[in-house]
Amino acid sequence: MTHEVMNQSPPIAGTNAWRSDPLLMQAAENFSEPVRKDLDTLGRFVRNQEALDLARLANSEIPQLRTHDRYGNRLDLVEYHPAYHALMRRSAANGLHSSIWEKTASESGMRHQIRAARFFMTAQLESGHLCPLTMTNASLAALMADTSLFRRWAPRVAVRKYDHTSKPLAQKAGITIGMGMTEKQGGTDVRANTSRAEPLEGKIYRLSGHKWFLSAPMSDAFLMLAQTDRGLSCFLVPRLLEDNAGNGLRLQRLKDKLGNRSNASAEVEFDGTMGELVGEPGAGVRTIMDMVTLTRLDCALGSAGIMRASLAEAVHHARHRSAFGKTLIEQPLMLRVLADMALDVAAATALSMRLARAFDEAADHRGEAAFARVMTPVVKYWVCKLAPAVTYEAMECLGGNGYVEEAPLARHYREAPVNAIWEGSGNVMGLDVLRVLDRNAGLFDDVLGMIGNDLGEKGGATLEVLAAAARVCQTDEGSARILTEQLALAAAAAELRRMGGGRVADAFIETRLAGQWRSTYGMLDARHDAASILDVLYPETN
């Protein structure tokens, strides 16, 4: 023994991610009592030491590719650490892959919002395993383009069980569905895909080609795009055939990714692979867009969760670590940095949950349908862009203790960029906003009216700024990011005010909508009660 360990913050394990998040609890205030009890249980699990160890192991013991067995037979299997499977079992039991498609009475009318709360908290624990769950959940939206396919596959998906065994679909207790869209030569420009599909019989086609990113390659089936004589089309491709033989999907290698390491992504070549047409021939992009919309919501929720977890670690550390005779949180500069970050995390959380509410209510309300269409790319853009900056700044609050792998901040930081890239980069989101503005400006007007109504008397100037930005975009495509970010800030401010955010909403509005441009955190001035903002959003826990 060389010295006594002191002035180190205690582990955050043993607290509750649900009860320590007043904003999330307020967003869920209309959930049924059984659902709120489930969220309380999940909140304890997310901060349980055993669960935190599972998250660590799933990312340190990364997936391994086995192309062949010892005798030379082709396998094309990816092996995961048991920690990954444990996380998948828990999240499948929580319905993260299926609950919006179920008819659970306690979740009626709020299925997207309830799942969003579960997803947001689970992302605070470990994000990589959420990728196959996101794709499985969203895949049914694409399969709705074919009533027969949907009826056959939906019951297989809407089972809260996880079965990682490599068996034909008919023998599985639960299934997951992945996707393979991008190719080497195109990336986001999927219309440049060269993979081909030749008709065999009815809606069955034979596919040949490659995919540059096949995410979650041990999924039981994949949605893929391939060219037919009538153009780019969408296909559902099982990994194994009914006789347990492989379906010609040859895994070439696993991607060595910056983050998202618990989840495997593969390069795949295929020839003679059987797939079933989804939707109409030539309508591949249109068929997958409903799926993409759902995955973009998850991108925002996942990024908001990563930010919440990172800042919670920083606040916890600052309350227990001392420097220069005071705890860190008593130091004025640290206090304002934390409070400034807390405003963005609160806004990202509120805005992501607001989008989930629009998904729930879109079928019955024109305004909510408009919000879902216009704001999905906006929310995805802004929340995902925030994550790397917030996560880094939270890491800096811990100093060297945050930079090492023993703390979860390093993992969160590596994970932070992926959602901004996946399912459409920032420029793609900006172009999607312009597409709405060009094709249906009435939807844009509906959303501006809702934002103005929630902002109240302070909304007039903001609406003028948004209208001016929209006019500029009509002749200058390069301005799309300006409009997209302004929409996000205004909608986030409006939601915080609608929720009764008080000084939190006031501080966000004054610093983000009326304040000067800034590039770092800690820019709150003395008018805003930084300590009170933190106490409201991050109450102390014992």
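Every heavy atom of this structure was used, including side-chain atoms; hydrogens, water molecules and symmetry mates were not. The structure displayed is predicted, hence computed values, not measured ones.
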Within a radius of less than 6.0 Å around CD of Glu50, do more than 12 heavy atoms belonging to other residues, nucleotides or ligands occur?
-> no
Minimum heavy-atom distance between Ala488 and Val378, given as atom pair plus value | N-CG1, 3.5 Å
Return yes if some donor-acceptor pair links the side-chain N/O of Ser99 with the main-chain N/O of Leu96 below 3.5 Å, else return no.
-> no
May I ask you to check whether Glu102 and Ser98 show a side-chain donor-acceptor distance below 3.5 Å?
-> yes
Please report the closest heavy-atom contact between Pro22 and Leu537, naming both atoms and the distance.
-> CD-O, 3.7 Å
Looking at Ala342 and Ile533, what are the two nearest heavy atoms and their distance?
-> CB-CG2, 4.4 Å
Minimal heavy-atom distance between Ala507 and Leu343, with the atoms involved, is CB-CD1, 3.8 Å
So, are Asp53 and Arg56 salt-bridged, with charged N and O less than 4.0 Å apart?
-> yes
Between Arg239 and Phe222, is NZ or CZ placed under 6.0 angstrom from the six-membered ring centre and within 45° of the ring axis?
-> no
Of Asp446, Asp432, Asn440, which is the lone residue that meets side chain to side chain donor-acceptor pair (under 3.5 Å) with Arg373?
-> Asp432
His317-Ser9 side chain donor-acceptor pair, cut-off 3.5 Å = yes
If every non-hydrogen atom of Leu355 is compared with every non-hydrogen atom of Met375, which pair is closest and at what distance?
-> CD1-C, 4.3 Å
Got a sec: does the CD of Gln8 have more than 12 other heavy atoms crowding it under 6.0 Å?
-> yes
Are Arg308 and Phe120 in a cation-pi setup, meaning NZ or CZ lies under 6.0 angstrom from the ring centre and within 45 degrees of the ring axis?
-> no
Within the 6.0 Å centroid threshold, strictly below: Tyr162 and His85 | yes
Rounded to the nearest 0.5 Å, how far apart are CG of Leu24 and OG of Ser352?
-> 11.0 Å
Has Arg19 got more than 12 heavy atoms of other residues, nucleotides or ligands less than 6.0 Å from its CZ?
-> no
Taking atom types as modelled, find out whether His412 and Glu415 have a side-chain donor-acceptor pair closer than 3.5 angstrom.
-> no
Give a yes-or-no answer on whether the side chains of Arg261 and Ser60 include a donor-acceptor pair shorter than 3.5 Å.
-> no
Dump the intermediate steps for side-chain contact (heavy atoms from CB on, under 4.5 Å) on Arg115 and Asn137, then the final yes or no.
-> CA-CA 11 Å; Arg115 179 184 175 276; Asn137 173 70; 3.6 Å; yes
CZ/Arg152: more than 12 non-hydrogen atoms of other groups inside 6.0 Å = yes
Considering only NZ, NE, NH1 and NH2 on the basic side and carboxylate oxygens on the acidic side, decide whether Arg319 and Asp535 come within less than 4.0 Å.
-> yes
Residue Lys167 excluded, over 12 heavy atoms near NZ under 6.0 Å = yes
Atom OG of Ser139 and atom CH2 of Trp101: how far apart are they, to the nearest 0.5 Å?
-> 8.0 Å
Between Pro168 and Leu240, which heavy-atom pair has the shortest distance, and what is it?
-> N-CD1, 4.1 Å
Does any donor atom in the side chain of Lys257 or Ser265 lie under 3.5 Å from an acceptor atom in the other side chain?
-> yes
